[in-house]
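In what follows, a single structure is set out as structure tokens and then discussed.
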Amino acid sequence: MNTKRSEELFARAKTLLPGGVNSPVRAFKSVGGTPRFIARAKGAYIWDEDGNRYIDYVGSWGPMILGHADADVVQGVQETAANGLSFGAPTALEVELAALVVEMVPSIEVVRFVNSGTEAVMSALRLARGYTKRPYILKFEGGYHGHADGLLVKAGSGAATFGTPDSAGVPEDYARLTLSAPFNDEEAVERIFAEYGERIAAVIVEPVPGNTGVLDLMTTGFLPFLREITKRYGALLIFDEVMSGFRVAPGGAQERFGVMPDLTCLGKIIGGGMPVGAYGGPREIMRLVAPEGPVYQAGTLSGNPVAMRAGLETLKKLRDPEVYRVLERRTEALCEGLREAAWEAGVPVCVQAIGAMFTVFFTDKETVRTHEDVKNCDLARFARFFHALLARGVYFPPSQFEAAFTSLAHGDAEIQATIAAAREAFREIAS
Ligand code: KE4
């Protein structure tokens, strides 16, 4: 496969951008090789600058659930942009999108738009602290909620439950206010609440974790447990649905599982590929947000009309539950094909899928339940599988710790072609 143009661009990019990219995972660090510089995309396909075509399972890390360059979304963006790109003033479009989000997401009565998932989460945490007047936050190991200082935190060593920085530049004092526990570990959460309970403002969780590969917190009973214990101690439950929102059901994981959070963070699909994040919840909590209340949050491009139109054209097509039955059927057919292909080649994998997101874990475990389980996967073999697929025109997420995404544009032809490529790839890496 000729990747000369990507190599040249990457060499130049590395002199201009940190690591040659604008977001670390794009640099292929955990799989090695040259990241592909993408020239264009349509439906389930992307083309790199050397003209190579790939079936895309990254989908811009989630937003492209309709498939790339959806005609209605593109037309809406073009029409809206022709009327001006940004005003810094209220527009009808943001009111329309807010109404649609409130209609689709069960626990949201009032919503605020921001420009990224990171901004949605950092704002929701400030609101939770303002509402409860408590300092501590509890998150989960392997959960990713954007790059706000207080969330770049890993579990303290040994028995310590307070956090320690997971990035240079994060002061110890910030990290100490973030507690952490393993996914699916009720005992650990009970212990933390026994010690900090009355001082915990909120628990934040991805109701379908996707940043350590796709994990299941529902059949384990973990989500109902978190809802019960936060109520018991007066802490808020925040669902970070930046990835699962509009992906696992029209109303996200909270609709699919019937567990209602106090606040919800959204991103990715809500902007249809344009920079949009959002946070929302009951009026009783959201009324604390400025200018109505004392919790400050602002943004020059929040509610940008072009981005609002992209989100509107996208969500309008996702209100139909049939869309999710199609997505789920196709994703399950793909995952079944991947399991069979791996089994035929004698390569142990555990494929986990929820809705239109899935992960192929290189492990002989029956189920993958925690971040620790993922860290123990055969990461070198994952990297070889990634490149064996890439060479065959299939573009998986370049990390074992990421979710792969299907879209409405991934039809039977794409699914069968992917399974065929995977059959060869598993055979190639079997030795
Ligand atoms: P952004 O700031 O990247 O829009 O959203 C942060 C975020 C918050 N919450 C969840 C559950 C997320 O998955 C994300 C971002 N996800 C990553 C994928 N692992 C985005 C890809 C990247 O960082 O380049």
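First listed ligand is number 1; within each ligand, the first listed atom is number 1. Atom set for the values below is all heavy atoms of this structure, side chains included, hydrogens, waters and symmetry mates excluded.
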If I apply the N/O under 3.5 Å rule, does Asp240 come out as touching ligand 1? yes

Tell me yes or no: between the side chains of Thr3 and Thr34, is some donor less than 3.5 Å from an acceptor? no

If only side-chain N and O atoms count, and only distance matters, is there a donor-acceptor pair under 3.5 Å linking Asn184 with Thr220? yes

Among protein heavy atoms, which lies nearest atom 12 (C) of ligand 1, and at what distance? Asn211 ND2, 3.6 Å

Parallel, tilted or perpendicular: ring planes of Phe358 versus Tyr57, cut at 30 and 60 degrees: perpendicular

With nothing but distance in play, are any N or O atoms of Gly117 less than 3.5 Å from an N or O of ligand 1? yes

When the ring centroid of Tyr233 is compared with that of Tyr196, is the distance short of 6.0 Å? no

Hey, is atom 3 (O) of ligand 1 touched by any protein heavy atom at less than 4.0 Å? no

Check whether any side-chain N or O of Tyr136 sits under 3.5 Å from a backbone N or O of Arg176 as a donor-acceptor pair, and report yes or no. no

Which of the numbered atoms in ligand 1 are under 4.0 angstrom from any heavy atom belonging to Glu206? 11 (C)

Among His410, Lys42, His68, exactly one meets side-chain hydrogen bond (donor to acceptor under 3.5 Å, both in side chains) together with Asp56. Which residue is that? His68

What part of Val242 sits under 4.0 Å from ligand 1 if we count only heavy atoms: the side chain, the backbone, both or neither? side chain

Using a 3.5 Å cut-off on N or O atoms only, is Ser23 in polar contact with ligand 1? yes

Counting from 1, what ligand 1 atoms have a heavy atom of Ser116 closer than 4.0 Å? 2 (O), 4 (O)

Member of Glu94, Glu119, Gln297 meeting the side-chain hydrogen bond (donor to acceptor under 3.5 Å, both in side chains) criterion with Arg112: Gln297

Gly146 heavy atoms within 4.0 Å reach ligand 1 at atoms 6 (C), 7 (C), 8 (C)

Looking only at non-hydrogen atoms, the one of Glu402, Lys268, Met243 nearest atom 17 (C) of ligand 1 is Lys268

Determine whether the side chains of Glu241 and Ser244 contain a donor N or O and an acceptor N or O closer than 3.5 Å. yes

Heteroatom proximity flag, Trp61 to ligand 1, N/O under 3.5 Å: no

